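Below is one structure; the comments refer to it alone.
Sequence lines set the chain letters: A, B, ... in the order given, protein chains first and strands last, and positions in each chain run from 1. Quick caveat: nothing in here was measured; it's all calculated off a predicted structure.
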Amino acid sequence: MTSIDAPLTDLTGLPVAPAPAEELHGPVLAWFDRHARDLPWRRPEAGAWGVMVSEFMLQQTPVVRVLPVYEQWLARWPRPADLAAEAPGEAVRAWGRLGYPRRALRLHAAAQAITERHGGDVPRGHAQLLALPGIGEYTAAAVASFAYGQRHAVLDTNVRRVFARAATGVQYPPNATTAAERRLARELLPRDEGTAARWAAASMELGALVCTARNEDCGRCPIAARCVWRLSGKPAHDGPPRRGQTYAGTDRQVRGRLLAVLREAVGAVPQAALDAVWDEPVQRARALDGLVSDGLVEPLEGGLYRLPQS
DNA sequence: TAGACGTGGGT
DNA sequence: TACCCAAGTCT
């Protein structure tokens, strides 16, 4: 147990100072040039729409599971207007098992907004992006940076972890993004616009491939020599538990089962088919009501249900 | 602001 | 076997 303001020290007791931003940029950018994954949304042909679709899908879902769905999605709906012309239920169906299907609904709604308000082109402005459904602080910065090469602090879970370790000297960032983290991210951002966009992708990739949540690989890290956390002897995380959400038995699990039935059905589904997925009737009804009020399920006459047609 | 919101693979 | 984790957003 250390006091809050105890300075981080190395193994000999000497204080460890964070590296100046300029000394981190070169090594991380060079590492990225060599080790960046060849992901489809990073190719020029992906365009802003491809970047935006990938960002929606990657919210809380691993890359490997996103890849096949992304390819099918872009092949079927190559422009926002193509998706906007479809029923929202088709987006939910095509979302498959990526999880958090409300993202599919929001992506569909965002495509409609882009078609109606932005002439069918993904907007370039951070504020305009932020105004779209399903786009928050992170995704707005990510699209503006990755798709349009703009200079924004892109603070996702990977970047937050890299900065927490390299610059702040702690194992994990706080549960919620803090003002101090935003300030630090802005301070570390290269001045040049194109370099800043590259830095955003590079620092994210470093967190995804090397500076991972568990089993970090400092031997492959380009800034290990400047990492405050490592130089301080990798002190263990202290503070409140980082997460904690059981899944079995929750409404989320019931919702997932209900929606799976509807996704795999061709047309409308009778109540009895939904009743079969969960035996506790009160929770089952609550979950179904929730799906309906979220717009993920459309109730019809005669106890039939289907994915939303409008 | 804490909690809801899916899913599946790794350890 | 459980728990942790994955490019968050919304209320």
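Applying the side chain to side chain donor-acceptor pair (under 3.5 Å) definition to pairs two or more places apart or across chains, none involves residues 110-126 of chain A. Identified under the ring-ring contact (aromatic ring centres under 6.0 Å, His included) test for residues 79-103 of chain A, with sequence neighbours left out: Trp73(A)-Trp95(A). Pairs passing the side chain to side chain donor-acceptor pair (under 3.5 Å) check and including a residue from residues 268-289 of chain A, sequence neighbours excluded, read Asp251(A)-Gln283(A), Asp251(A)-Arg286(A), Gln271(A)-Asp275(A), Gln271(A)-Tyr305(A), Asp275(A)-Arg284(A), Trp278(A)-Gln283(A).
For the pair Gln59(A) and dA7(C), the criterion of a side-chain N or O lying under 4.0 Å from OP1 or OP2 is not met.
Of all nucleotides listed (dC5(B), dA7(C), dC5(C)), dC5(C) comes nearest to the side chain of Tyr172(A).
Residues of residues 120-153 of chain A having a heavy atom closer than 4.0 Å to DNA chain C, listed by number: Pro133(A), Gly134(A), Ile135(A), Gly136(A), Glu137(A), Tyr138(A), Thr139(A). Within residues 263-277 of chain A, no residue places a heavy atom under 4.0 Å from DNA chain C. For the segment residues 93-118 of chain A, residues with any heavy atom less than 4.0 angstrom from an atom of DNA chain C are, sorted by number, Arg106(A).
Atom CG of Asn158(A) is separated from atom C1' of dC5(C) by 11 Å (rounded to the nearest Å).
If you check every strand for non-hydrogen atoms under 4.0 Å, Leu39(A) touches a base.
A donor-acceptor pair shorter than 3.5 Å can be found between the side chains of Glu55(A) and Tyr138(A).
Annotation: salt bridge (Lys or Arg N to Asp or Glu O under 4.0 Å) contacts of Arg230(A) (sequence neighbours excluded): none. Scored by the salt bridge (Lys or Arg N to Asp or Glu O under 4.0 Å) test, Arg106(A) finds no partners at all (sequence neighbours excluded). Under the salt bridge (Lys or Arg N to Asp or Glu O under 4.0 Å) criterion, Arg103(A) pairs with no residue, sequence neighbours left out. The salt bridge (Lys or Arg N to Asp or Glu O under 4.0 Å) test applied to Arg42(A) returns Glu205(A), not counting sequence neighbours.
At a cut-off of 3.5 angstrom, the base of dG6(B) holds at least one donor-acceptor pair with the side chain of Thr61(A).
Using cut-offs of 30° and 60° for the angle between ring planes, the His237(A) and Tyr172(A) rings count as perpendicular.
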Listing, residues 16-26 of chain A side-chain donor-acceptor contacts under 3.5 Å, not counting sequence neighbours, or none:
| residue | atom | partner | partner atom | Å |
| --- | --- | --- | --- | --- |
| Glu23(A) | OE1 | Arg226(A) | NH1 | 2.2 |
| His25(A) | NE2 | Leu188(A) | O | 2.6 |

Return the polar atom pairs (N/O with N/O) between nucleotides 9-11 of chain B and the protein under 3.5 Å, or none.
none

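With the nearest nucleotide of DNA chain B identified for both Ala176(A) and Ala260(A), Ala176(A) has the one nearer the 5' end.
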